[in-house]
2 protein chains.
Amino acid sequence: MSRNRTSIVDIARAAGVSKSTVSLVLQKSPLVSESTREKVNAHINDLGYIYNRGAASLRQSRSKIVGIVVNDLTNSFFAELAVGMDMVVQSAGYVQFLAHSGESVDRQREVISSMRENGIAGLILSPARGTESSDIKALVESGIPVVVVVRNLPGAKVSTLLSDNYAGAKAAVRHLIELGHQRIAFMGGFQDTAVFGERLRGYRDALQDADIPADERFIIHSAPSRAGGVAALERLIGIAERPSAALCLNDAVAFGVCDGLRANGLEPGKSFAIIGFDDVIEAKTAVPALTTVSVDPQGMGQRAAQLLLKQINSGQNDQESIVTSVRLVVRQSCGAPVKQPEEMA
Amino acid sequence: MSRNRTSIVDIARAAGVSKSTVSLVLQKSPLVSESTREKVNAHINDLGYIYNRGAASLRQSRSKIVGIVVNDLTNSFFAELAVGMDMVVQSAGYVQFLAHSGESVDRQREVISSMRENGIAGLILSPARGTESSDIKALVESGIPVVVVVRNLPGAKVSTLLSDNYAGAKAAVRHLIELGHQRIAFMGGFQDTAVFGERLRGYRDALQDADIPADERFIIHSAPSRAGGVAALERLIGIAERPSAALCLNDAVAFGVCDGLRANGLEPGKSFAIIGFDDVIEAKTAVPALTTVSVDPQGMGQRAAQLLLKQINSGQNDQESIVTSVRLVVRQSCGAPVKQPEEMA
DNA sequence: CTATATAATTGGAACGTTCCAAAAAGGTCA
DNA sequence: TGACCTTTTTGGAACGTTCCAATTATATAG
């Protein structure tokens, strides 16, 4: 039942000054003389005063809270993304509401509305599958800066930060082709996300550029998770003229595919080449180390947060769309001829 | 920049009632007549009114925000823990500040103090390594309920929710002994955490109960991460009379140990038995599926959140210590046939 | 129709801050 | 000394809610 905490007027009384002066001290205003500043600060420590940010933002109608909504925290890509955001948000003196939508648009809506009630200064949203631009229309119109990350949200008048999914997927498939693969699968993900679409487009175009005919049976949908990867592989195994390589929607799927291969007595990276997408931390240490398209989730989180803070501070939210470049990191899971067996670095 | 949003008095004016009445409608008070309730609600929707929770909690000096501090979000154990908390917190109408201390006590201190300024109703803390009970003393004394999870914080007058590390470790080692193993290692973790201490104690006691002499060389410290597991295994490999099995501090370490074994041409679950701890989601689908002590992180998060909410609502924070029971889940990674030491050399 | 109970509504103070205009306190100079 | 700066300090209104006591409207009984 939080007993009444000491307020600005308590310390004003104790220090024998007005509450206005105490307020000035708190905001480190140069208007207050050195001597009173010290006196006031002494009493602040003395009484164990705690600043009430809620009251402050009520008055100035601007808060130091940002909302972050992520669709799946248990996916390490998003966890790292969140950590990156956390870093810059915290050090800018903000604090974050971090919520997990679990891919549910209903949940997402509730969460966003709750954040609005709590007066966020801005929002970073990695939209749940099926999110419509209308879902955040009201928020945007109320003048609160919004940055959409990872997944595109067509039609929304907001800033976005996406990785170059198309180029990354294309580079990955080109690499597999250069390694001599002709039958290449695309595994994991569902039709209706922009990320899936872009990566698939990169896959298709790379095949086309190499004059390899597309085989629709090689495109295998599944949940974008490790378990999904296992399931996808099971379906792939059934195909008569089985592919020899796959680009996976993300690293989680890629790991699942590795698991599935082993369960079927195949060795990932030897009997079947795999490339992931995202470059989560485990990609480097896994065995075989995962060849993947690195999108640096933590860095991306940082950039997203910076973008948001810039908009909050400038007050003008002109929409800005950033596509961050990606980089193919060749490790062992694609069976590249670069054989450096004992390279533990 | 948030332009002046519409307030309770705006809708009062529009509906031709007093702001008090609107307030009553908002809190679903039975005192207001059906007809005016409808009228007011209509105007609320009409004007796109958004409740200002900050103003409300200023007045009633009790907020709907809980703080959650977790030491490492990129570790899926903690990510799942956070998701579990999120679920119950959200559905109780609260919203959460979720922060990541990254095992830094300084960071943790900043974060907690920032949460206090923002007026949290309670805090769930998974303390960073090296946290002292004095670090949360002020918070506790101010009457804000605190629940400490996962790691113990001796001396703090707070409720705690821990898993039964001792019993879990003991059961795991007993299982390995029953499988015929005599040389059993304990891998991963650092001396100074309570979790490490408890699990190690379970390990020691299980060995002692079976009259197996302890060998201090078999206790291998490392970071509690996948990379740490790889490193730990490298050190284990060097030991002359190498163990044939290991209990790992957690699943992340166990996966790292698997990686390391493969890199050394050994097959986890065949040439070497491994048991993890935590039962993160990937444990089930990994190859080999990981035998592990299940602590159900998500469920634990839920229980922690429920405990906190109970304390917030009852107003009395009598400290309560819950030890959640754990369960050994036998999968494939421990299925090693027993080998005599000379065969291993 | 009055008296009385009950239901519904309301004004205003309060929560802890910021911000503004205005006042007080010092200095400087003629 | 008074006039005029400059530097500090200060009341009081505001932010959007809740809560209380008090008021008004409505129903019920005599």
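Convention: sequence-line order gives letters A, B, ...; per-chain numbering from 1. Computed from a predicted model, the values in this text were never measured in an experiment. What you see below is based on every heavy atom in this structure, not just the backbone, and it leaves out hydrogens, waters and symmetry mates.
For the pair A/Ile112/A/Leu123, a side-chain contact is recorded, criterion being any heavy-atom separation below 4.5 Å from C-beta on. Two residues are said to be in side-chain contact when any heavy atoms from C-beta on lie closer than 4.5 Å; A/Val158 and A/Thr160 meet this criterion. Side-chain contact between A/Leu161 and A/Arg303: present, with at least one pair of heavy atoms (C-beta onward) separated by less than 4.5 Å.
The CZ atom of A/Arg53 sits 11 Å away from the P atom of C/dT17 (whole-angstrom rounding). D/dC15 atom P lies 18 Å from atom OH of B/Tyr51, rounded to whole Å. Rounding to whole angstrom units, CZ of residue A/Arg13 and P of D/dG11 are separated by 13 Å. A straight line from CG of B/Asn52 to P of D/dC15 spans 12 Å, rounded to a whole angstrom. To the nearest angstrom, C1' of C/dG16 lies 14 Å from CD1 of A/Ile44. Whole-Å rounding puts the A/Ile50 CD1 to C/dT17 P distance at 11 Å. Residue B/Tyr49 contributes atom OH, which lies 7 Å from atom C1' of D/dG16 at whole-angstrom precision. Put simply, CG on A/Leu58 is 9 Å from C1' on C/dC15, counting in whole angstrom units.
A salt bridge links A/Glu320 with A/Lys310: the distance from a Lys NZ or Arg NE/NH1/NH2 to an Asp or Glu carboxylate oxygen falls below 4.0 Å. Electrostatic pairing of B/Glu103 and B/Arg151 counts as a salt bridge here, judged by a charged N lying under 4.0 Å from a carboxylate O.
When the side-chain nitrogen and oxygen atoms of A/Gln27 are compared with OP1 and OP2 of C/dC19, one or more of them lie within a distance under 4.0 Å. Applying the 4.0 Å criterion to OP1 and OP2 of C/dC15, one finds that B/Ser61 has every side-chain N and O outside that range.
At least one donor-acceptor pair closer than 3.5 Å links the side chain of B/Ser18 to the backbone N or O of B/Thr21.
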- Tell me, with the steps shown, if B/Asn71 and B/His100 meet side-chain contact (heavy atoms from CB on, under 4.5 Å). CA-CA 5 Å; B/Asn71 30 273; B/His100 163 93; over 6 Å; no
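Of the candidate nucleotides C/dC19, D/dG16, C/dT18, C/dC19 has the atom lying nearest to any side-chain atom of A/Arg62. In the set D/dC19, C/dT18, C/dG16, D/dC19 carries the atom at the smallest distance from any side-chain atom of B/Gln60.
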- Item | B/S/- contact track for nucleotides 5-14 of chain C, protein heavy atom under 4.0 Å | ---SSBBBBB
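One axis for each end of the helix from C/dC1-D/dG30 to C/dA30-D/dT1, each built from five base pairs, and the angle between them comes to 60° at 10° resolution.
Backbone-only contact: A/Ser7 has heavy atoms under 4.0 Å from sugar-phosphate atoms and none from a base.
Listed by first and then second residue, the salt bridge (charged side-chain N to carboxylate O under 4.0 Å, His left out) pairs that reach into residues 79-95 of chain A are A/Asp86-B/Arg107, sequence neighbours excluded.
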